[in-house]
Amino acid sequence: MPSVFIKTYGCQMNERDSEAVAAQLVAKGYSLASSERVADVILLNTCSVRDMAEQKALNKMQNLVAETRRTRPNVVLGFLGCMAQSRGQELIDKLPDVDLVIGTQKFHRTGDHLDDLLARRRDKVVDIAEEQGSEATIKEHLSYGGRRNNGDHRSPLQATAFVSIMQGCNQYCTFCIVPYTRGAERSRTIPDIVAECRELVSRGVKEITLLGQIVTSYGKREIGVRDGKSAFVQLLEAVNEIEGLERIRFTSPHPKGYGDDLVDAYGRLAKLCESAHLPVQSGSNRILKLMHRGYTRERFVGIVEKLRRVKPEMGITTDIIVGFPGETEPDFEETLSLVREVKFDNAFVFKYSPRRDTPAATMPEQVPLEVIEERHTRLLDLVNEIGKDKYRRQMGQRVQILVEGPSRKNPERFEGRTRSNKIVVFEGSERHRGQLLDLKITRAGSFTLYGDPAILGLD
Ligand code: SAM
């Protein structure tokens, strides 16, 4: 049987989609290649959120075409995911050596399309149609986990797993391409999601991250509010009941979705980790309105205050865009002041990137690139300074981590995450994998903590 290599760009949703495609192909008998150099099928699962991500995947494919077509002309080359969805046939027109283009609602058809291409029943396949029920098709997992193992099915079982709970987005933020690449919001049922989580726990998974483009909109249409609880909170309650599961996380939510029911859930549900990724995008109310975000700076700060009241140790991270069209220096200073006020544990700072078909791309007053660069540097400096201080404050604290595996920075050591989602590196070994371990923090680096197993009662 052929071997496949999948390279993933972008967010956790894309990682999860790639893992499900890999599992589907392994179930058909494919092996997972350790590198693209030895693979019979090479798939790039793409991201469209910023132009840079699209350019990276296009350049990569150009290089793959140059390398493979000379020496291994039968290798199948394909694009999957968001850019495949938004560009479709255009990708083959631009790169005629590409064989396969599969959109975001058709991942589950990858195996069938590859069969046709490998058996030469078809010369090219472009499948980007919408498909009813496609939200329930991302459920296959590799038997040995998929997260951070580059699809290597021989690597040991992962302690953490992603579970896709919904697809699509109805928010239509004016900068964002996601509603056009992922379609309208569609949610899986609670029993279907719980069954998948149970299956993962039976294989040794201890922590599950529930995934969706806007998870807090989960089940709005299909399930609705019951006893004052949103469908998303009802789902959290059901997952919290799973025996053997230790931790629940989710990403990404929308600040608008943080009603009192969700804030209360952090106090009630023991497995729900004290961590929230709250994409704020800007600190200026004028820009938030132009972005069509649906909340004000004051409402955002109110949510953070409520969360910290329920769980003072809550880790809070965010996404911020600099240089949105019309962003003036005073608007940007509002963002700086919000960052100082909230004191995020970390923030992803993005340079605004115009996306086709989005309203912001044609707004007047596009901000010059050099101004965007300068604001990006200033904001990153502030985020790093605050982050450093927050991490330093963890010194001497006792924390519990779930050990995930060898450290990505130094594979001689092991690493895990605190409940507030901070990476802790320690002197560990394979026997620690999947364990909940108490550590004392001895050192704080740049967005990484270092710890020693805490000896209770000795200090
Ligand atoms: N659920 C998130 C939300 O609340 O909007 C969206 C997730 S999006 C895939 C990840 C981040 O990419 C966004 O939060 C935003 O900061 C950034 N982003 C989206 N579109 C962008 C654009 N056109 N230019 C720069 N950054 C962008």
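We use all heavy atoms of the structure for the numbers below, so side chains are in, but hydrogens, waters and symmetry mates are not. Ligands are counted one by one from 1 in listed order, and the atoms in each one are counted from 1 as well.
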Residue pairs, two or more places apart or on separate chains, that pass ring pair (Phe, Tyr, Trp, His ring centres under 6.0 Å) and touch residues 270-317: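 Qualifying pairs, neighbours excluded: His254-Tyr295, His277-Phe348.
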cation_pi([X], [Y]) dist<6.0 Å, angle<=45:
| X | Y | answer |
| --- | --- | --- |
| Lys422 | Tyr391 | yes |
| Lys7 | Phe5 | no |
| Arg433 | Phe414 | no |

Do NZ/NE/NH1/NH2 and the carboxylate oxygens of Glu305 and Arg308 come within less than 4.0 Å?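 Salt bridge between Glu305 and Arg308, a charged N being under 4.0 Å from a carboxylate O: no.
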Residues Lys139, Asp192: salt bridge by 4.0 Å N-O rule: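 Result for this pair is yes, salt bridge flagged.
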For ligand 1, is there an atom lying under 4.0 Å from some heavy atom of [X]?
| X | value |
| --- | --- |
| Pro253 | yes |
| Lys351 | yes |
| Arg293 | yes |

Go through Glu313 and Arg393 one step at a time and tell me if the salt bridge (charged side-chain N to carboxylate O under 4.0 Å, His left out) criterion holds. CA-CA 11 Å; Glu313 64 280 30; Arg393 283 166 192 268; over 6 Å; no
Within-cutoff protein neighbour (heavy atom, under 4.0 Å) for atom 20 (N) of ligand 1: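 Protein heavy atom within 4.0 Å of atom 20 (N) of ligand 1: present.
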Taking heavy atoms and a distance under 4.0 Å, where does [X] meet ligand 1: side chain, backbone, both or neither?
| X | answer |
| --- | --- |
| Ile321 | side chain |
| Phe175 | both |
| Thr358 | neither |

Within the structure provided, determine whether Glu404 and Arg417 are in side-chain contact (heavy-atom separation under 4.5 Å).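 Yes, their side chains come closer than 4.5 Å.
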Side chains of Ile208 and Phe162, heavy atoms from C-beta outward: is any pair under 4.5 Å?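 No, their side chains stay 4.5 Å or more apart.
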Just going by heavy-atom distances, which of Gly323, Ser282, Ser252 is nearest to atom 6 (C) of ligand 1?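 It is Ser252 whose heavy atom sits nearest to atom 6 (C) of ligand 1.
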Nearest option to atom 13 (C) of ligand 1, as decided by whichever heavy atom of Ile372, Asn14, Asp319 sits closest: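 Answer by nearest heavy atom: Asp319.
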For [atom], what is the closest protein heavy atom, and at what distance to 0.1 Å?
| atom | result |
| --- | --- |
| atom 23 (N) of ligand 1 | Ser353 O, 2.8 Å |
| atom 16 (O) of ligand 1 | Gln281 OE1, 2.7 Å |
| atom 9 (C) of ligand 1 | Val49 CG2, 3.6 Å |
| atom 27 (C) of ligand 1 | Arg50 NH1, 3.5 Å |

Under 4.0 Å from a heavy atom of Ile214: give me the atoms of ligand 1 that qualify, with their elements.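 That gives atoms 1 (N) of ligand 1.
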Taking only heavy atoms of Arg355 into account, list the atoms of ligand 1 that are under 4.0 Å away from them.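 The list of qualifying atoms is 23 (N).
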Excluding sequence neighbours, so at least two apart, what forms side chain to side chain donor-acceptor pair (under 3.5 Å) with Glu333?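 Counting only residues at least two positions away or on another chain, Glu333 forms no side chain to side chain donor-acceptor pair (under 3.5 Å).
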